[in-house]
Amino acid sequence: MTVYAQIYAVVQQIPPGKVATYGQVAELANLAGKARLVGYALARVAGDDRDIPWQRVVNARGEISYSPFRQGNDYLQRALLEREGVQFDAADRVNLRVYRWRPGEPDGHTSL
DNA sequence: AAGGTGACCCTAT
DNA sequence: CATAGGGCCACCT
């Protein structure tokens with residue numbers, strides 16, 4: 001069982017229309033504090049593996065992590081999320097209080 | 001086999 | 001709000 005397998009297993013549980021942060025995924029995969037590994041692991045499957053909803057992972061501020069290394073996948077990420085109903089604010093961020101996925105609550109009830 | 005690197009995160013200034 | 005620095009660790013030369 002590699003650390004990647006654990007990371008992918010967690011990401012696959014994120015339901016459509018919801019997002020999780022890198023740090024959150026790391027914690028759920030028993031890799032607390034190793035958020036970078038999550039990004040690294042996802043970089044290896046993006047565009048390659050369609051079984052993993054990589055677009056549902058954003059950074060701790062609710063932003064998509066843009067990088068030239070992603071060759072457009074970052075922009076694609078936003079398009080995919082919007083297609084799922086996730087809305088971005090004027091600062092290009094998603095409101096984590098509304099869209100953050102909470103394990104155990106399949107259809108996150110957005111109570112403030 | 002050692003060193004650079006990356007889709008991160010947190011705290012302090 | 002912005003910048004800076006430390007911690008993290010598997011992957012690829």
Side-chain angles (χ1 to χ4, degrees):
Chain A
M1 189 61 145
T2 67
V3 289
Y4 292 142
Q6 299 183 56
I7 291 171
Y8 300 146
V10 171
V11 175
Q12 288 177 323
Q13 293 175 53
I14 308 173
K18 286 289 175 179
V19 300
T21 66
Y22 294 93
Q24 183 183 354
V25 171
E27 284 184 29
L28 292 171
N30 286 306
L31 297 168
K34 302 168 190 169
R36 299 192 77 183
L37 281 190
V38 175
Y40 198 91
L42 289 178
R44 306 205 110 268
V45 296
D48 206 7
D49 196 326
R50 292 170 175 58
D51 298 318
I52 300 174
W54 54 270
Q55 75 272 23
R56 302 190 190 129
V57 183
V58 298
N59 69 29
R61 295 182 229 150
E63 308 170 310
I64 283 173
S65 290
Y66 288 92
S67 163
F69 292 99
R70 299 188 62 182
Q71 306 185 337
N73 280 328
D74 36 18
Y75 290 91
L76 171 62
Q77 177 171 5
R78 173 159 180 163
L80 290 173
L81 287 177
E82 292 185 317
R83 187 179 304 172
E84 294 181 357
V86 175
Q87 299 184 3
F88 288 74
D89 64 20
D92 297 311
R93 292 183 306 222
V94 303
N95 185 333
L96 290 177
R97 265 209 271 214
V98 175
Y99 298 104
R100 183 197 291 274
W101 166 55
R102 288 185 173 70
E105 293 179 22
D107 199 57
H109 146 18
T110 65
S111 55
L112 295 194

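So that the names make sense, note that chain A is the first sequence line, chain B the second, and so on, each numbered from 1.
Nucleotide B:dT5 holds its P atom 22 Å from the CG atom of A:Leu42, rounded to whole Å. When rounded to the nearest whole Å, the span between CZ of A:Arg70 and P of B:dA7 equals 8 Å. Between the OH atom of A:Tyr75 and the C1' atom of B:dA7 there is a distance of 14 Å, rounded to whole Å. Atom CG in A:Leu31 sits roughly 14 Å away from atom P in B:dC9 (whole-Å rounding). If you take CZ of A:Phe69 and P of C:dC11, they are 19 Å apart, rounded to a whole angstrom. Here B:dG6 presents its P atom at 16 Å from CG of A:Asn73, a figure rounded to the nearest Å.
Judged as a side chain to side chain contact (heavy atoms under 4.5 Å, CB included), and not counting sequence neighbours, the contacts of A:Ala29 are A:Gln6, A:Ile7, A:Val10, A:Leu31. Every residue two or more places apart in sequence or in another chain was checked for a salt bridge (Lys or Arg N to Asp or Glu O under 4.0 Å) with A:Arg83, and none qualifies. Among residues two or more places apart in sequence or in another chain, the side chain to side chain contact (heavy atoms under 4.5 Å, CB included) test is passed with A:Tyr8 by A:Tyr4, A:Ala41, A:Arg44, A:Val45, A:Ile52. Legend: residues meeting salt bridge (Lys or Arg N to Asp or Glu O under 4.0 Å) with A:Arg78, ordered by chain and number and at least two apart, are A:Glu82, A:Asp92.
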Close N or O pairs between protein and nucleotides 3-10 of chain C (under 3.5 Å):
from	atom 1	to	atom 2	distance (Å)
C:dC9	OP1	A:Lys34	NZ	3.3
C:dA10	O3'	A:Tyr4	OH	3.1

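Listed in residue order, the members of residues 77-85 of chain A having a heavy atom less than 4.0 Å from DNA chain C come to none.
Annotation: the span from A:Leu42 atom CG to A:Arg56 atom CZ amounts to 12.5 Å, rounded to 0.5 Å.
Judged by distance alone, the side chain of A:Asp74 and the main-chain N or O of A:Ser65 form no donor-acceptor pair under 3.5 Å. Looking only at distances, a side-chain donor or acceptor of A:Asn59 sits under 3.5 Å from a matching main-chain atom of A:Gly62. Counting only distance, with no hydrogens or angles, the side chain of A:Glu84 and the backbone of A:Gly17 share a donor-acceptor pair below 3.5 Å.
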